[in-house]
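This is a predicted model, so every value here is computed, not measured. Numbers here simply count residues along the sequence, with the first being 1.
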Amino acid sequence: MPSLRAARQLPAAEPDSRRAEICRAAARIFRDRGFDATAMSDVARALQMTKAGLYHYFPSKEAMLFEIMNFGLERMHEEVIAPAVKMRDPEARLRTMLMQQARIITRAEGVVAQLFHERRALSPQMRKVINDRERRYFQVVRDTLKELKSAEIGRAHV
């Protein structure tokens with residue numbers, strides 16, 4: 001089983017790269033068949049590659065899943081969290097976060113979002129990275145909801 005260090009040493013996929021193409025295909029196959037039921041040869045065949053060619057890009061199926069999940073969380077950070085935390089009004093922030101998240105999830109049939117239940121297949125180190133990144137997103141949501149509740153309570157007492 002590859003280490004987190006090995007997975008992190010791989011260059012991140014550029015959106016138009018072969019590596020990104022592999023991730024997109026693997027994500028669809030993992031979603032349709034399940035991570036455990038998918039072999040590297042299934043991914044290679046779908047891309048008309050050899051397994052050896054696939055291993056040139058990823059040391060393992062686990063590393064591929066980790067990169068796919070990391071990519072999804074990076075989109076959440078860039079497109080949802082980063083813009084949201086700059087907004088002062090909690091209601092507008094929440095509305096923006098929900099709209100942006102919906103856009104991300106529906107893009108590409110929501111393939112990446114549908115894979116997060118597969119995190120159990122990751123090594124404990126990789127799972128921790130994914131869980132920590134996801135936790136940061138949910139903390140922004142929780143903080144926003146708390147602000148909204150406080151604002152409502154404040155308006156009720158006026």
Side-chain angles (χ1 to χ4, degrees), residues 1-87 93-94 96-146:
M1 196 169 279
S3 69
L4 178 59
R5 179 180 292 146
R8 281 189 172 159
Q9 288 173 345
L10 299 168
E14 292 297 320
D16 297 325
S17 71
R18 180 68 165 156
R19 189 177 178 79
E21 180 185 357
I22 292 167
C23 285
R24 284 190 293 272
R28 283 190 300 274
I29 296 167
F30 293 161
R31 178 202 58 196
D32 294 345
R33 296 184 185 176
F35 180 79
D36 292 333
T38 302
M40 287 291 268
S41 57
D42 296 326
V43 177
R45 191 172 26 262
L47 291 158
Q48 299 179 330
M49 295 176 71
T50 64
K51 268 179 40 173
L54 199 54
Y55 281 112
H56 169 76
Y57 291 95
F58 294 96
S60 68
K61 188 171 71 162
E62 178 187 48
M64 195 181 301
L65 179 63
F66 178 74
E67 184 163 323
I68 292 165
M69 289 181 168
N70 229 4
F71 173 81
L73 289 166
E74 187 61 32
R75 298 290 65 73
M76 290 295 278
H77 176 78
E78 290 178 3
E79 298 177 35
V80 180
I81 297 171
V85 296
K86 295 175 186 172
M87 301 177 78
R93 183 182 326 130
L94 183 61
T96 298
M97 289 175 70
L98 292 172
M99 292 299 294
Q100 287 301 100
Q101 184 175 354
R103 284 187 181 109
I104 290 170
I105 290 172
T106 57
R107 202 175 345 181
E109 302 167 6
V111 171
V112 174
Q114 294 175 32
L115 290 179
F116 277 84
H117 70 280
E118 299 285 10
R119 80 181 78 213
R120 57 160 180 67
L122 298 174
S123 70
Q125 298 158 307
M126 290 178 174
R127 198 172 328 123
K128 181 177 178 353
V129 170
I130 297 301
N131 289 343
D132 288 349
R133 291 192 78 188
E134 189 177 55
R135 198 172 292 114
R136 285 192 293 269
Y137 167 75
F138 286 117
Q139 188 59 52
V140 173
V141 173
R142 275 191 293 276
D143 291 347
T144 300
L145 292 172
K146 285 178 187 175

Legend entry - Expected output: side-chain Lys61 to main-chain Thr38 donor-acceptor under 3.5 Å: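 Yes, Lys61 side chain to Thr38 backbone: donor-acceptor pair under 3.5 Å.
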Legend entry - Arg75 (side chain) donor-acceptor with Gly72 (main chain) under 3.5 angstrom: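 Not a single qualifying donor-acceptor pair exists.
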Legend entry - Audit row: Glu74, Asn70, side-chain hydrogen bond (donor to acceptor under 3.5 Å, both in side chains) steps and yes/no: CA-CA 6 Å; Glu74 187 61 32; Asn70 229 4; over 6 Å; no
Do [X] and [Y] have side chains that approach each other closer than 4.5 Å (heavy atoms only, starting at C-beta)?
X	Y	answer
Met69	Leu65	yes
Phe35	Leu122	no
Gln100	Pro83	no
Met64	Met40	yes
Phe66	Gln125	no

Basic-acidic side-chain contact under 4.0 Å: [X], [Y]:
X	Y	result
Asp36	Arg120	yes
Arg136	Asp132	no
Arg31	Glu118	no
Glu21	Arg18	yes

Heavy-atom closest contact ([X] atom, [Y] atom, distance):
X	Y	result
Ala63	Met126	CA-CE, 4.3 Å
Ile68	Ala27	CD1-N, 3.8 Å
Asp42	Ile29	O-CD1, 4.0 Å
Leu54	Met49	N-CE, 3.6 Å
Ser41	Lys51	CB-CD, 3.5 Å
Glu62	Ala121	OE2-O, 3.6 Å

[atom1]-[atom2] distance between [X] and [Y], expressed to the nearest 0.5 angstrom:
X	Y	atom1	atom2	value
Arg93	Ile81	CZ	CD1	12.0 Å
Arg103	Ile105	CZ	CD1	12.5 Å
Met87	Thr96	CE	OG1	3.5 Å
Ile104	Met76	CD1	CE	5.5 Å

Legend entry - Step-by-step side chain to side chain contact (heavy atoms under 4.5 Å, CB included) determination, Phe71 to Arg24: CA-CA 11 Å; Phe71 173 81; Arg24 284 190 293 272; over 6 Å; no
